[in-house]
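To start, the structure under review is shown below, and the notes come after it.
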Amino acid sequence: MQAKPLQVLLCARESNAAQWQSALAEALRGQGVAAEVWWRDAAQAQADPAARQADVAIVWRPPAALFDEQRQLKLVFCLGAGVDALLALPNLPAEAALLRLEDAGMAGALAEYVLAAVLRTYRGFDRYTAQQRQASWQPLELRDKRDYLVGVLGLGVIGGAIAATLQQHGFRVRGFSRSKRKLEGIECHAGDVRDFEGAFGTFLAQLDVLVSVLPLTADNRGALDRRALGRLASGAHLINAGRGAHVVDADLLALLDAGHLSGATLDVFDTEPLPAEHPFWSRPQILLTPHVSAVTQLGPAALQVAQKLAAWARGGVPTGRVNRARGY
Ligand code: OXD
């Protein structure tokens with residue numbers, strides 16, 4: 001007798017659901033997984049008690065209602081690298097395995113975004129923009145890149161790619177992660193983000209640019225506060241492409257006002273979209289982008305989902321498994 005096809009529910013916004021549904025179905029076929037894939041709108045906040053039941057839910061920012069209506073999920077797959085929003089849902093089924101995307105084209109995109117932001121601040125483009133408004137012809141001193149210190153906070157697949165890219169472009173790079181990492185040519189520190197007297201304080205000290213790509217966990221929410229940012233070099237720049245909730249907004253604004261920080265490039269915010277009345281919008285020292293540093297790419301993501309599902313369906317343990325206790 002033929003086994004029942006895997007029942008796969010895609011929970012995404014309507015805008016690109018049809019493309020995702022067909023890409024996933026095709027990628028699963030390509031991996032030899034017999035599956036039926038259907039779509040549920042992530043914008044639908046009401047649970048449907050008569051919903052068709054799935055074995056696997058592939059999701060991006062699903063409503064809590066999804067887990068009220070799905071009662072036999074064995075696997076939930078997050079179509080992104082960060083799982084904080086998913087883990088925050090109180091009714092996420094405790095017994096289901098959780099997987100997330102790893103890289104799938106995102107690491108290269110993020111490295112490109114960060115490199116552009118670092119070069120922009122290193123080459124003084126913000127200052128030249130201000131000078132242009134004053135019709136001021138004032139060449140600025142260009143520092144040696146080998147002394148220009150960039151710190152990468154979070155050294156997973158994405159942070160590692162960012163650190164390597166910056167190093168290849170000649171910058172002096174330091175990295176920090178929760179557990180010890182070894183990366184060629186990069187001064188790596190490890191420990192707790194509250195340990196100002198220890199490894200975290202040493203990592204932050206005198207950085208010209210701090211790049212954060214940390215996953216958001218209960219332990220590191222608000223970690224980029226006055227104490228942390230105050231340790232950077234005078235005139236330093238913050239790049240946040242991790243999660244907005246790491247930054248204490250009022251502390252960042254105060255340090256910009258005091259001139260301790262010269263600027264910030266922010267792609268992520270505690271509330272998204274950033275509310276119209278938020279002071280970040282009108283600060284000339286802040287360059288703000290709408291969470292676009294690395295958008296999930298359909299082709300590589302669908303292939304990775306299918307490969308991991310195929311491994312899981314055969315009883316394997318694919319990489320990208322989320323550790324709920326750790327929070328990523
Ligand atoms: C992600 C994101 O987590 O886009 O993948 O923020």
Side-chain angles (χ1 to χ4, degrees), residues 10-13 15-17 19-20 23-24 27 42-43 57-63 66 75-89 92 98-117 152-162 165 177-178 211-221 223-224 238-247 264-274 280 287-309 318-324 326-328:
L10 166 68
C11 183
R13 296 271 166 168
S15 52
N16 52 9
Q19 277 170 301
W20 274 97
L24 284 167
I58 300 175
V59 304
W60 180 241
R61 295 192 180 269
L66 175 73
L75 176 68
V76 178
F77 201 124
C78 175
L79 277 182
V83 288
D84 45 295
L86 190 60
L87 292 179
L89 295 176
L92 180 68
L98 293 186
L99 289 178
R100 65 176 174 84
L101 282 181
E102 297 173 292
D103 188 353
M106 283 186 281
L110 260 154
E112 185 180 274
Y113 177 96
V114 169
L115 178 64
V152 180
L153 181 52
L155 288 179
V157 178
I158 288 172
I162 292 171
T165 300
S177 51
R178 191 146 110 163
V211 179
S212 177
V213 284
L214 273 186
L216 182 64
T217 66
D219 296 340
N220 64 27
R221 180 175 287 274
L224 300 181
L238 169 70
I239 300 172
N240 189 14
R243 286 291 182 260
H246 290 128
V247 174
T265 304
L266 306 176
D267 187 49
V268 287
F269 305 90
D270 200 7
T271 306
E272 295 183 3
L274 186 67
F280 284 171
L287 173 68
L288 193 158
T289 52
H291 202 144
V292 290
S293 53
V295 177
T296 305
Q297 294 173 26
L298 184 69
L303 178 63
Q304 191 178 113
V305 170
Q307 287 169 335
K308 288 186 194 293
L309 276 186
T319 60
R321 184 97 191 236
V322 176
N323 176 330
R324 292 184 194 225
R326 205 177 52 181
Y328 57 94

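Reckoned from all heavy atoms, side chains included, excluding hydrogens, waters and symmetry mates. Note that ligands are numbered from 1 as they come in the structure, with each ligand's atoms numbered from 1 the same way. From a predicted model like this one, the values you see are computed outputs, not experimental measurements.
Which parts of ligand 1 touch A81 is read off a 4.0 Å heavy-atom cut-off, strictly below it: atoms 1 (C), 3 (O), 5 (O). Here is the list of ligand 1 atoms found below 4.0 Å of a heavy atom in R243: 1 (C), 2 (C), 3 (O), 6 (O).
In this structure the side chain of L216 reaches within 4.5 angstrom of the side chain of H246, judged on heavy atoms. The closest side-chain heavy-atom distance from V247 to L238 is below 4.5 Å. Side chains of W60 and C78 form a contact here, defined as non-hydrogen atoms less than 4.5 Å apart. Annotation: side chain of P62 is in contact with side chain of L86 (closest heavy-atom distance under 4.5 Å). Looking at heavy atoms from C-beta onward, V305 lies in side-chain contact with L101 at the 4.5 angstrom threshold.
For ligand 1, none of its N or O atoms has an N or O atom of T296 under 3.5 Å away.
Comparing E272, M106, H291 against atom 4 (O) of ligand 1, the shortest heavy-atom distance belongs to H291. In this comparison of A85, G80, G82, the heavy atom closest to atom 3 (O) of ligand 1 sits on G82.
With a 4.0 Å heavy-atom cut-off, ligand 1 is reached by the side chain of W60 but not by its N, CA, C or O.
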